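Reviewing the structure listed below.
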Number of protein chains: 2
Amino acid sequence: MEKKDAIAALAALAQETRLDIFRLLVQAGPEGLAAGHIGERLNLASATLSFHLNQLRHAGLAGFRREGRSLIYAAEYAAMNTLLAYLTENCCQGDSAACGAGGCDGSGVTDAAQIFPGD
Amino acid sequence: MEKKDAIAALAALAQETRLDIFRLLVQAGPEGLAAGHIGERLNLASATLSFHLNQLRHAGLAGFRREGRSLIYAAEYAAMNTLLAYLTENCCQGDSAACGAGGCDGSGVTDAAQIFPGD
DNA sequence: TCCATATCTCCATAGAGTTGGAGATATGGA
DNA sequence: TCCATATCTCCAACTCTATGGAGATATGGA
């Protein structure tokens with residue numbers, strides 16, 4: 001993952017409305033939710049909702065499919081895993097002694113970051 | 001963790017300079033780095049550096065201690081774990097069938113998010 | 001005490017992000 | 001084809017954020 005992608009994903013989540021949307025999608029699971037449904041649940045104007053869904057989509061954190069007149073949005077778990085790996089890359093310079101003692105897991109890499117299996 | 005804390009942490013990381021600083025601290029490990037050292041490595045004006053270090057600190061992602069004339073900053077791993085747990089809270093409504101198939105780990109809770117042990 | 005070093009705070013400017021009204025577009029049914 | 005529904009795009013006003021110069025503050029040594 002490149003820096004700009006990580007920043008895009010973090011910025012997408014660093015906003016109350018989008019964080020609410022994302023968590024709603026995470027809770028909804030892979031089946032997702034219709035845009036209108038999300039708007040109702042969070043009480044959002046359609047322009048506002050559309051804007052934020054686009055941000056999440058462009059950041060790679062949400063995908064969508066059409067079902068009749070509805071667009072169904074769902075969280076992209078893989079993107080989250082990639083982001084976490086980026087954040088912990090080369091943790092403690094791979095020095096497992098330092099890592100284990102004070103902080104991370106000492107792997108220096110971070111497959112452990114896959115909190116959302118399913119990639 | 002409350003929503004505002006999560007947003008503060010995400011917003012802190014969603015900025016190129018701060019993301020660079022944070023990753024540098026993660027790589028440095030629990031011993032941390034002096035502010036001046038960070039500024040040199042990333043070529044930042046002192047006002048700019050100070051501003052961003054404060055943002056990270058207020059977001060709970062970095063702590064510091066004084067050592068002589070230097071302030072040594074270090075990443076706060078626990079805060080990251082808390083943030084991840086918040087993001088994945090009640091994932092897939094705890095429905096492990098849906099979770100396992102399409103995305104997360106089905107736990108519905110997220111101790112699995114502790115990619116930075118050491119809390 | 002006086003100076004150099006390390007870092008911080010204040011402030012003004014420039015730039016980026018958020019919101020919602022109005023209207024456009026796409027789908028499904030009569 | 002015509003209409004209702006679901007969602008999107010455009011735009012303008014407003015608000016928040018980042019940057020860096022200038023100067024303040026704290027520590028250590030002579």
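The model shown is predicted, which means the values in this text are computed figures rather than measured ones. To find a chain, count down the sequence lines: A is the first, B the second, and so on, and within it residues start at 1.
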Please list every donor-acceptor pair under 3.5 Å in which a side-chain atom of residues 60-70 of chain A meets a protein atom from a residue at least two apart or in another chain.
unit_1, atom_1, unit_2, atom_2, d
A/Arg65, NE, A/Glu67, OE2, 3.2
A/Arg65, NH1, A/Glu31, O, 3.4
A/Arg65, NH2, A/Glu31, O, 3.3
A/Arg65, NH2, A/Glu67, OE2, 3.1
A/Arg66, NH1, A/Gly68, O, 3.1

Dot-bracket for DNA chain C, 5' to 3', Watson-Crick and G-U pairs with both distances under 3.5 Å, [ ] for crossing pairs, | for partner on another strand, reads ||||||||||||||||||||||||||||||
Sorted by chain and residue number, the side chain to side chain contact (heavy atoms under 4.5 Å, CB included) partners of A/His37 (sequence neighbours excluded) come out as A/Leu33, A/Ala34, A/Arg41
- Message: Keeping B/Glu76 on the side-chain end and B/Ala78 on the backbone end, is there a donor-acceptor pair under 3.5 Å?
- Response: no
Separation of C/dT9 atom P from B/Arg57 atom CZ, nearest Å, is 7 Å
Correct closest heavy-atom pair for A/Ala74 and A/Pro30 would be CB-O, 3.8 Å
Residue set satisfying side chain to side chain contact (heavy atoms under 4.5 Å, CB included) with A/Ala35, at least two apart, ordered chain then number -> A/Leu49, A/Leu53, A/Tyr73
Residue set satisfying salt bridge (Lys or Arg N to Asp or Glu O under 4.0 Å) with B/Arg23, at least two apart, ordered chain then number -> A/Glu89
Between CD of B/Glu16 and C1' of D/dT17 the distance, given in whole Å, is 15 Å
Taking only the side-chain nitrogens and oxygens of B/Tyr73, find out if one of them lies under 4.0 Å from OP1 or OP2 of C/dC8.
yes
Contacts of B/Glu16 meeting salt bridge (Lys or Arg N to Asp or Glu O under 4.0 Å) (sequence neighbours excluded), chain-then-number -> A/Lys3
- prompt: Does any non-hydrogen side-chain atom of A/Phe22 lie less than 4.5 Å from one of A/Arg18?
  reply: no
Polar atom pairs (N or O), protein with nucleotides 11-15 of chain D, under 3.5 Å:
none

Correct closest heavy-atom pair for A/Gly29 and A/Tyr77 would be CA-OH, 3.3 Å
Could you tell me whether the side chain of A/Thr82 reaches within less than 4.5 Å of the side chain of A/Asp5, counting heavy atoms only?
-> no
Quick test: give all pairs of protein nitrogen or oxygen and nucleotides 12-15 of chain C nitrogen or oxygen below 3.5 Å, distance rounded to 0.1 Å.
none

Numerically ordered, the residues 58-72 of chain B set in heavy-atom contact under 4.0 Å with DNA chain D is B/Arg66, B/Gly68, B/Arg69
Residue pairs passing the salt bridge (charged side-chain N to carboxylate O under 4.0 Å, His left out) test with at least one member in residues 47-62 of chain A, sequence neighbours excluded, are none
Rounded to whole Å, CG of B/Leu13 lies from P of D/dA18 at a distance of 12 Å
Nearest heavy-atom contact between A/Leu13 and A/Leu19 is O-CB, 3.6 Å
- Task: Compare all side-chain heavy atoms of A/Leu10 with those of A/Leu83 and state whether any distance is below 4.5 angstrom.
- Result: yes
Is any side-chain N or O of B/Asn54 closer than 4.0 Å to OP1 or OP2 of C/dT9?
yes
B/His52 and B/Ile21 have their tightest heavy-atom pair at CB-CD1, 3.9 Å
When rounded to whole Å, the CD1 to P distance for the pair B/Ile21 and D/dA18 reads 11 Å
Rounded to whole Å, the CD1-C1' distance (B/Ile7 to D/dT17) equals 15 Å
Hits for side chain to side chain contact (heavy atoms under 4.5 Å, CB included) against A/Ser46, two or more places apart or cross-chain, chain-then-number order -> none
Here the distance between atom P of D/dT7 and atom CG of A/Leu53, to the nearest Å, is 9 Å
For B/Ala59 and B/Ala8 the tightest heavy-atom approach is CB-O, 3.6 Å
The contact string for nucleotides 16-25 of chain C, one letter per nucleotide 5' to 3', using protein heavy atoms under 4.0 Å with B, S and - for base, sugar-phosphate only and none, comes out as --SBBB----
